[in-house]
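Taking it in order: structure first as structure tokens, then the write-up.
No experiment lies behind these values; they were computed from the predicted model shown.
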Amino acid sequence: MKHKEMVYMTPMPVRIWHWLNAFGIVTLCVTGLQIRFPDHVNIFGAYKAAIRLHNTAGVVVSISYGLWLSYYLIVARSLIKLYVPTLEDLKSGILRQAYFYFLTYFVGKPNPHHSTPESKFNPMQKAAYLVIMFVLLPLVIFSGALLMYVAPLRELLLLLGGIKLLVGSHFLLACCFTAFLCVHIYLATLGHTPFAHFKPMWNGWEEEMVEDVDPEKKADK
Amino acid sequence: MHAYNRMMRMFLAVFLFSAATAAAAVPENGKCMSCHGRKDVKSLAGNTVYIDPVKFTATTHSIVGCTSCHDRVSSGHPGDGSAPARAVCGDCHAPVSVEYAKSLHATKARCNDCHNPHEVRLPMFMSGDDINKKCAKCHDARKILKSHAKWLPQAELHIDSLLCITCHTGSQDYVITMSIESRLPGSRDAFKPATYEELAKLTSDENIGRVIDLNGDNQVSLEELRAFNHHLRGKNMRLWGMMTPEVVTHSYQILENRWDCTFCHASGPKAMQKSFIAFPDKSGGYKRLAVEKGAILDILYGTPDFYMLGTTRSTPLNIIGALIVAAGLSFPVFHGFFRLLTRKNRKEDDHEA
């Protein structure tokens, strides 16, 4: 038999950051769609409204990224432990996790990774978040910031290869984030119930199904 | 009656002499220019009455001849101090005069305030910078930037990339006109339109269009444009694009639809198919070469420093982006499908992600 146990998985600053980031990125994707295809998409009415909302959401995401980085680096000091894959993760952990998602999940085998507050992410998550948080997000913030101030930062734009290269990179990065959102939201439904992973991101507490300890074994101990 | 006669003479002159150069076609031009073509020439009152012969020769006015506009020159000129008669612009340009008279601008400036009749040329033979400089004679650039920045995002960028008349007249049929800009090597000063002499150094050909138009077919292909952009790197030069109207009007006004960004930004990539490169000529004007259709939309190197949000997006880039998003979407779709098919294999509480 199994019973429920509650584990405090996600501290409040991380939850605030996560939802700020989530709403910010969704807003950026939707407004970005109107900005790139205004002749086909008109969600926010005036084009200028879409641009202003896009810029505002960009600033919010940038600030929330700064807060996230500061929290993990200075307050929690667990950035490397949580986000950087270990050698073992790279050698076999990622493959083991992929094997689970793409094969053994369908035959009913258990997840090889068990989340704890000290090791929240499986090796695939670690690798994906590492790329997203330390490569893609800084790049999209950097390119977006340059595009908000084209005339004053023209020299930098020229050094980087021109505005077209920058706009193209910003667009492709945005597409990567949209793709990531699809995968991220779907994978979040793979808990023991479809919303099991959404709740801890809202209230911090994750329900875990833990095997009951056999009374005889307990007595032996 | 004077006006009528003058106009008829002008039409006749244009008809007869349009293919010839001004000096050869209208002999009296030479007579006038023998004095007025000298830099030190002054009226009795001490005003400069110099006319740049090179610039004048490039105008349509030189074809109709000096005496078409100045049809009554006294026999004692210039010694008698009497000024020759002057035509009124509306004598020939009546529709423009009528249109201009109705505009907000009519009481603010006369034709001559913007158009020097001895140097005037069609907008397509001028750089965007030169056209905007005419407006800047009265409209202070800093004040303009400040007033536009109140409502226009990235006002400085817009003002750098547009002719004032693009928004403030009912001009139509927009194209992208690129010009070559330069600055001193190692300098961080603002780029300025490259001069004929600067560009002449880049080619051994008399025709400086060959700087970009390598095969000399009077059209710039995408390949030639890309090669030129690579060539510009490290030379402190750039190809700067401006949105310019092909059909210019004099109906100066504040148009309601120009407050709406979609007027330009939602016109779609089809509106951005036509572009030109303007080259300076020896007379201080410009001549332009047509660029291969769609070059503005090239993914990277066609116009690396020109991009209009929403309008100059590249289709290949859109396809790559769509493939990335589709790849992301396909995971939930396929995984979810097999998840549904194999749901009986799982005890739900065993499978946390």
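Side-chain contact annotation: B:Ser127 with B:Asp129, donor-acceptor N/O pair under 3.5 Å absent.
Contacts of B:Phe191 with chain A are made by side-chain atoms alone, with heavy-atom separations under 4.5 Å and no backbone atom involved. Using a 4.5 Å cut-off between heavy atoms, A:Tyr149 touches chain B through its backbone atoms (N, CA, C, O) alone. The parts of A:Phe106 that come within reach of chain B are both its backbone and its side chain, each placing non-hydrogen atoms under 4.5 angstrom from that chain. Contact of B:Phe334 with chain A is not made at all, since no heavy-atom distance falls under 4.5 Å. Heavy atoms of A:Val167 lying under 4.5 Å from chain B belong exclusively to its side chain. Interface remark: A:His40 contributes side-chain atoms only to the contact with chain B (heavy atom separation under 4.5 Å). No part of B:Ser161 comes within reach of chain A, as not one of its non-hydrogen atoms sits under 4.5 angstrom from that chain.
Residues of residues 144-159 of chain B lying under 4.5 angstrom from chain A, judged on non-hydrogen atoms, are B:Trp151, B:Pro153, B:Gln154, B:Glu156, B:Leu157 by number. Within residues 159-166 of chain A, the residues having any heavy atom under 4.5 Å from a heavy atom of chain B are, by residue number, A:Gly161, A:Gly162, A:Ile163, A:Lys164, A:Leu165. Heavy-atom neighbours of chain B within the stretch residues 42-61 of chain A, taken at a separation under 4.5 angstrom, comprise A:Tyr47, A:Lys48, A:Ile51, A:Arg52.
Ranked by non-hydrogen atom pairs under 4.5 Å with chain B, the options A:Gly168, A:Ala151, A:Pro152, A:Ala174 are led by A:Ala151. The residue among B:Thr311, B:Asn318, B:Thr312 with the most heavy atom pairs within less than 4.5 Å of chain A is B:Asn318. With chain B as the partner, the residue from A:Ile185, A:Leu172, A:Leu181, A:Leu147 showing the most heavy-atom pairs under 4.5 Å is A:Leu172. Ranking B:Asp298, B:Asp160, B:Asn229 against chain A, the residue ahead of the rest is B:Asp298, based on heavy-atom pairs under 4.5 Å.
Below 30°, between 30° and 60°, or above 60°: for A:Tyr105 and A:Phe100 the angle between ring planes is above 60°, a perpendicular geometry. Using cut-offs of 30° and 60° on the angle between ring planes, the pair A:Tyr83 and A:Tyr72 is perpendicular. Below 30°, between 30° and 60°, or above 60°: for A:Phe23 and A:Trp19 the angle between ring planes is between 30° and 60°, a tilted geometry.
Note: A:Phe142 and A:His170 fail the aromatic proximity criterion, with ring centroids not under 6.0 Å apart.
When every heavy atom of B:Gly302 is checked against every heavy atom of B:Arg226, the shortest pair comes out as N-CG, 4.2 Å. The nearest pair of heavy atoms linking B:Leu199 to B:Phe279 is CD1-CD2, 4.5 Å. The shortest heavy-atom contact between A:Val183 and B:Gly328 is CG2-O, 3.5 Å. Between B:Leu317 and A:Phe171, the shortest heavy-atom contact is O-CE2, 3.3 Å. A pairwise comparison of heavy atoms in B:Pro280 and B:Ala194 identifies CG-O, 3.4 Å as the closest pair. For the pair B:Ser182 and B:Glu198, the tightest heavy-atom approach, listed with the atom from each and the gap, is OG-OE1, 2.6 Å.
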Step-by-step side chain to side chain contact (heavy atoms under 4.5 Å, CB included) determination, B:Met178 to B:Phe306:
CA-CA 9 Å; B:Met178 290 173 277; B:Phe306 183 86; 5.8 Å; no

B:Glu246 vs B:Arg288, test: salt bridge (Lys or Arg N to Asp or Glu O under 4.0 Å). Steps then yes/no.
CA-CA 13 Å; B:Glu246 287 288 83; B:Arg288 60 185 204 179; 2.8 Å; yes

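A side-chain contact (heavy atoms from CB on, under 4.5 Å) with B:Asn132 is found for exactly one of B:Leu162, B:Leu163, B:Ile165, namely B:Leu163.
Using a distance-only test at 3.5 Å, with no hydrogens or angles considered, no donor-acceptor pair links the side chain of B:Thr303 to the main chain of B:Gly241. Side-chain atoms of A:Ser115 come within 3.5 Å of backbone atoms of A:Lys120 as a donor-acceptor pair (strictly under, hydrogens ignored). Between the side chain of A:Tyr101 and the main chain of A:Leu187, no donor-acceptor pair closer than 3.5 Å is present.
Residues in residues 305-314 of chain B take part in these salt bridge (charged side-chain N to carboxylate O under 4.0 Å, His left out) pairs, two or more places apart or across chains: A:Asp39-B:Arg313, A:Arg154-B:Asp305, B:Arg238-B:Asp305.
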